[in-house]
Amino acid sequence: MVQATPFLLVLFLALGAHGLPAKKCSLTGRWVNDLGSNMTIESVNANGVFAGSYHTAVTATSNEIKVSPLQGSQQKGPNQKGQPTFGFTVNWSFSDSITVFTGQCFVDDDGKEVLKTMWLLRSRVENIKSDWKATRVGNNVFTRL
């Protein structure tokens, strides 16, 4: 029986691990994306509303890049399982454009929090005939700083 004890302990731990809750992912804090842009999300309130700031590392304009405000909302409610979906808008302080992001906060296999996002950037154009070139789409992955 002494030889079986380590095996039974490992088996018990492996079977019991499935019952452990998944680590929760929190949007609050400082993040950097795959392009080097920095984002800070202030606390998320009880309704899921949050604000923060975004400092992009890339731009299509020749204007000086400035920190821009962001406002967003995280999914809250009985179905929220700790890896929430969210959306936020960045109103660029240095250009006539605005970007909306949507995504989900994940905890990866190493226990690190990751934000997987998709975005639409709308730039101002002179007239409706130029509308075809006014919206860009992309995605970013953010990791915690």
Side-chain angles (χ1 to χ4, degrees), residues 4-126 128 130-145:
T5 303
F7 171 75
L8 292 174
L9 178 61
V10 169
L11 181 63
F12 173 77
L13 291 173
L15 292 173
H18 293 292
L20 295 175
K23 183 179 176 192
K24 294 190 180 209
C25 193
S26 171
L27 295 179
T28 303
R30 295 178 58 220
W31 300 89
V32 63
N33 73 15
D34 44 323
L35 297 174
S37 298
N38 291 288
M39 172 176 67
T40 300
I41 296 177
E42 305 300 332
S43 62
V44 180
N45 74 18
N47 295 323
V49 176
F50 60 87
S53 60
Y54 198 106
H55 189 241
T56 187
V58 296
T59 182
T61 74
S62 59
N63 299 341
E64 177 188 352
I65 295 174
K66 296 179 182 177
V67 175
S68 299
L70 70 82
Q71 294 182 333
S73 181
Q74 171 186 314
Q75 187 271 335
K76 289 279 194 173
N79 295 326
Q80 209 272 58
K81 304 289 189 226
Q83 297 192 76
T85 56
F86 60 89
F88 62 88
T89 302
V90 179
N91 186 356
W92 301 109
S93 301
F94 57 91
S95 70
D96 291 336
S97 59
I98 196 161
T99 302
V100 293
F101 288 79
T102 187
Q104 186 170 354
C105 189
F106 291 102
V107 178
D108 70 12
D109 292 339
D110 296 326
K112 295 179 183 174
E113 294 166 302
V114 175
L115 305 180
K116 296 279 285 185
T117 67
M118 177 167 258
W119 51 262
L120 292 171
L121 180 144
R122 176 65 187 212
S123 298
R124 183 187 168 281
V125 291
E126 291 300 320
I128 199 166
S130 297
D131 185 62
W132 65 271
K133 64 181 179 179
T135 303
R136 298 175 189 193
V137 62
N139 55 49
N140 288 118
V141 176
F142 291 83
T143 54
R144 190 173 291 284
L145 279 174

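No experiment lies behind these values; they were computed from the predicted model shown.
More than 12 non-hydrogen atoms from other residues, nucleotides or ligands lie less than 6.0 angstrom from CG of L145. In this structure, R144 places its CZ atom where more than 12 heavy-atom neighbours from other residues, nucleotides or ligands lie under 6.0 Å away.
Contacts classified as side-chain hydrogen bond (donor to acceptor under 3.5 Å, both in side chains) and involving residues 132-142 (residues at least two apart or in different chains) are given here: D34-N140, W119-N140, R122-T135.
Taking every heavy atom of both residues into account, I41 and L27 meet most closely at CB-O, 3.5 Å. Here the closest non-hydrogen pair linking H55 and V67 is CD2-CG2, 3.5 Å. For A57 against S37, the heavy-atom pair with the smallest separation is N-OG, 2.8 Å. Residues Q83 and V107 share a closest heavy-atom pair of OE1-N, 2.7 Å. Summarising the geometry of L35 relative to N33, their closest heavy-atom pair is N-OD1, 2.8 Å, with the distance given to 0.1 Å. Nearest heavy-atom pair, N91 versus S68, reported as atom, atom and distance to 0.1 Å: O-CB, 3.5 Å.
No donor-acceptor pair closer than 3.5 Å links the side chain of S26 to the backbone N or O of K24. Listed for the D108 side chain is a donor-acceptor partner under 3.5 Å among the backbone atoms of D110.
Taking the ring-ring contact (aromatic ring centres under 6.0 Å, His included) definition, one finds that W92 meets it with Y54, F94, sequence neighbours left out.
E113 CD to T143 OG1: the interatomic distance, rounded to the nearest 0.5 Å, is 10.5 Å. Note that the CD atom of E64 and the OG atom of S93 stand 11.0 Å from one another [nearest 0.5 Å]. Rounded to the nearest 0.5 angstrom, T102 OG1 and M118 CE are separated by 9.5 Å.
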Requested in this report: Kindly determine whether T89 and Q71 satisfy side chain to side chain contact (heavy atoms under 4.5 Å, CB included), including the steps that lead there.
Outcome: CA-CA 5 Å; T89 302; Q71 294 182 333; 5.5 Å; no

Requested in this report: Start with the C-alpha gap between F50 and T28, add the side-chain angles, then the distance that decides, and say whether side chain to side chain contact (heavy atoms under 4.5 Å, CB included) holds.
Outcome: CA-CA 9 Å; F50 60 87; T28 303; over 6 Å; no

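Residues L115 and M39 form a side-chain contact, since some pair of their non-hydrogen atoms from C-beta on lies under 4.5 Å apart.
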